[in-house]
Structure formats: C-alpha cells, structure tokens
Amino acid sequence: MPDRSLAGQVALVTGASTGIGLELARGLAARGARVAGLARGADRLAAALDGVGLAVPADVTDLAAVHAAVDRVTAELGPVDLLVNNAGLIDTAEVPVWEADPDQWWSVVESQLRGPFHLVQAVVPAMVQRGSGRVVGLASGMSTWANPDYSAYSVGKAGALRITESLAASGVLAFDVAPGVVDTPMTRSMAMWDGFTDWTPASAVVELVAAVAEGRLDHWSGRFVRAGKDAVDTLAATVPEGTQRQVRLLPYGDTDPVA
C-alpha cells in the first residue's frame with residue numbers, strides 16, 4: 001500500500017512531462033497528493049500524467065498562461081499546498097560564455113528564473129493568505145559553483161537560490177532541493193556525463209520533496225539540501241545555524257570588512 005501521508009494536499013509540479021518532474025508527479029501522487037503537472041507540450045504531458053494527475057499545458061515563461069493554469073488547478077483540485085519549480089532548460093553547447101548563442105543562453109536563464117518567478121507570483125499569495133504552503137525549487141550543484149561550459153544554467157540556478165531565500169525571509173516555507181545526477185533525457189544530453197554510472201535514484205528526490213511536503217524539514221526553509229546525500233532522518237534531527245547551507249562570501253580573514 002502506498003504511503004498516504006500527503007493525502008489532502010494539492011501539489012503543482014512544473015516540467016512534469018518527463019524526467020525528474022514526471023518522477024515527482026508520480027511519487028507525490030503515490031503518497032496521496034492530488035497532483036497537477038505543467039509543461040509546454042500538451043500531448044506529451046497528457047500522456048505522461050494519464051492516471052497520475054491533472055495535466056495543464058502552459059509555458060512557465062508566460063505569466064498570463066501561468067495564472068490561467070493555476071486558476072484551473074485551484075478550480076479543479078483546490079488551493080496549491082506544494083509548489084515544485086522544476087521546469088527549466090540547459091545550455092545546448094558546452095562552450096565558454098563568450099561563445100554561447102545569445103538567444104539560447106538567455107532562454108535558459110529565463111526558464112530558470114522567469115518561470116519560478118511567475119509560479120511564485122501566481123501561487124504564493126494564496127499560501128500567504130491561508131498561512132500554509134511550501135515551495136520547492138529544484139536546485140543544482142551548479143547553483144553553488146560555476147561551470148564554465150554551462151554558464152547560463154549556472155546563472156539561472158544561482159539566481160533561483162535567491163528566490164528561495166527571499167521567500168523564506170518573507171515567512172514562506174521555501175527550500176532548494178538539489179536532485180544530484182539523475183538519469184534523465186536532459187542529463188543524457190550533457191556531454192559532461194558521458195560514461196557516468198553513479199546516478200542518483202529518482203526515488204531519493206521524491207523522498208526528500210515528500211518530506212518537505214510533510215512538514216518534517218520546515219527548519220531547513222531557505223536552505224539547500226541534496227537528494228542522495230542528505231538522509232531525511234538526519235535533516236529532520238538537525239537544526240542548521242547561521243548561514244549553514246546558504247551561499248555566502250567567505251571572508252579572507254577576521255578583519256575582512258565586506259563578508
């Protein structure tokens with residue numbers, strides 16, 4: 001029997017037609033959540049979510065489309081309790097930033113930043129009004145260290161960390177969940193992972209996001225956690241202090257006037 005710990009919750013997952021987004025939609029639904037999935041391709045999304053949840057085609061970079069999608073989710077399933085910002089593009093060529101195609105580079109940044117921003121604008125006001133709800137951003141190791149061959153993705157993911165921190169500083173429960181290296185079509189398209197075999201299981205990502213939804217990790221709001229490395233029980237029992245698991249300047253010494 002599936003775990004019914006999320007029964008009664010409405011979960012909205014972007015980028016839900018494939019990869020991690022689809023695994024999250026399936027995993028959250030198996031735990032009892034009423035799931036809605038967003039993605040641009042209507043036919044692929046409908047096929048992917050058949051028997052899983054509500055398929056709502058929308059481009060996350062289109063604010064009007066996002067608002068319409070969230071209105072539909074709310075009307076058919078109820079207010080969103082868990083927002084998972086997963087949708088996003090990646091650099092198509094492993095080249096230094098000065099050689100990147102300008103339009104493609106910017107489209108990646110937009111998908112990683114404008115998309116989550118639009119979903120926050122459409123979903124979070126109702127969470128604030130109700131005094132409940134959680135937001136998860138799918139983070140990346142490249143949000144904490146630069147990759148010269150994936151500059152747009154790194155920029156977008158780093159900016160998304162600040163969206164999470166801004167939400168948390170405003171009293172909204174928000175989390176950065178890095179999935180590790182999951183075997184997905186997007187990961188397979190990246191030359192840097194050619195020959196890689198030490199994949200993070202998608203189930204570890206689902207387990208971590210489900211623990212967030214359950215409220216077990218609320219004391220980690222505004223911080224970075226990593227599927228496949230962080231054990232849920234350890235996180236639940238550990239209260240971070242100061243700026244632990246947040247991206248900050250490192251001082252050059254005790255007299256550093258900036259950090």
Side-chain angles (χ1 to χ4, degrees), residues 13-25 37-41 44-45 48 57-63 65-66 83-120 135-166 175-202 204-205 208-209 224-229 246-247:
V13 181
T14 69
S17 63
T18 188
I20 293 172
L22 178 55
E23 293 296 332
L24 283 167
L38 267 62
R40 289 181 297 179
R44 185 168 75 160
L45 179 65
D59 182 345
V60 297
T61 66
D62 181 336
L63 181 58
V66 168
L83 168 62
V84 182
N85 280 316
N86 165 73
L89 304 174
I90 195 161
D91 309 58
T92 57
E94 293 190 337
V95 296
V97 63
W98 62 88
E99 295 180 8
D101 175 84
D103 291 335
Q104 202 276 328
W105 193 94
W106 189 246
S107 71
V108 173
V109 176
E110 276 199 312
S111 72
Q112 300 291 348
L113 288 178
R114 188 187 291 269
F117 169 70
H118 286 169
L119 268 299
V120 164
V135 178
V136 170
L138 263 288
S140 168
M142 289 190 221
S143 59
T144 63
W145 48 268
N147 185 307
D149 294 330
Y150 289 95
S151 57
Y153 186 76
S154 296
V155 167
K157 287 298 189 184
L161 295 182
R162 297 310 187 203
I163 292 178
T164 296
E165 280 199 52
S166 294
F175 310 81
D176 288 307
V177 175
V181 189
V182 180
D183 189 357
T184 67
M186 187 185 83
T187 308
R188 289 283 186 179
S189 74
M190 301 167 66
M192 67 181 290
W193 300 120
D194 285 349
F196 188 78
T197 58
D198 190 21
W199 304 107
T200 302
V205 187
L208 197 49
V209 173
F224 179 104
V225 295
R226 207 293 205 164
K229 297 292 185 181
Q246 294 177 319
V247 176

Looking at every non-hydrogen atom in both residues, tell me the closest pair between [X] and [Y] and how far apart they are.
{"X": "S17", "Y": "A48", "value": "O-CB, 3.5 Å"}
{"X": "L45", "Y": "P57", "value": "CD2-N, 3.7 Å"}
{"X": "A16", "Y": "A39", "value": "N-CB, 4.2 Å"}
{"X": "D149", "Y": "N147", "value": "N-OD1, 2.9 Å"}
{"X": "V13", "Y": "L24", "value": "CG1-CB, 4.4 Å"}
{"X": "A227", "Y": "T200", "value": "O-CG2, 3.8 Å"}

Please examine the side chains of [Y] and [X], heavy atoms only from C-beta on, and report whether any two atoms are closer than 4.5 Å.
{"X": "Q246", "Y": "F224", "value": "no"}
{"X": "V84", "Y": "L138", "value": "yes"}
{"X": "T18", "Y": "R44", "value": "yes"}

- Item | Residue pairs involving residues 86-96 (criterion side chain to side chain donor-acceptor pair (under 3.5 Å); sequence neighbours excluded) |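 Of all non-adjacent pairs touching residues 86-96, those that pass side chain to side chain donor-acceptor pair (under 3.5 Å) are E94-Y150.
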
- Query: Do any pairs count as a side chain to side chain donor-acceptor pair (under 3.5 Å) and have a residue in residues 99-110, sequence neighbours left out, and if so which ones?
  - Reply: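 Pairs touching residues 99-110 that pass the test: W105-S151, E110-R114.
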
Between [X] (side chain) and [Y] (backbone), is there a donor-acceptor pair under 3.5 Å?
{"X": "T14", "Y": "N85", "answer": "no"}
{"X": "S143", "Y": "A139", "answer": "no"}
{"X": "H118", "Y": "V60", "answer": "yes"}

- Item | R40: partners by side-chain hydrogen bond (donor to acceptor under 3.5 Å, both in side chains), with sequence neighbours left out |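 Checked R40 against side-chain hydrogen bond (donor to acceptor under 3.5 Å, both in side chains); zero matches.
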
- Item | Candidates T164, I20, V225 - the one meeting side-chain contact (heavy atoms from CB on, under 4.5 Å) with V177 |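 Exactly one candidate clears the test, V225.
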
- Task: Decide side chain to side chain contact (heavy atoms under 4.5 Å, CB included) for R162 and V247; before the verdict, give the C-alpha distance in whole Å, the side-chain angles of both, and the deciding distance to 0.1 Å.
- Result: CA-CA 9 Å; R162 297 310 187 203; V247 176; 4.2 Å; yes

- Item | Straight-line distance of Q112 CD to K157 NZ, nearest 0.5 Å |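 So the CD of Q112 and the NZ of K157 are separated by 4.0 Å.
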
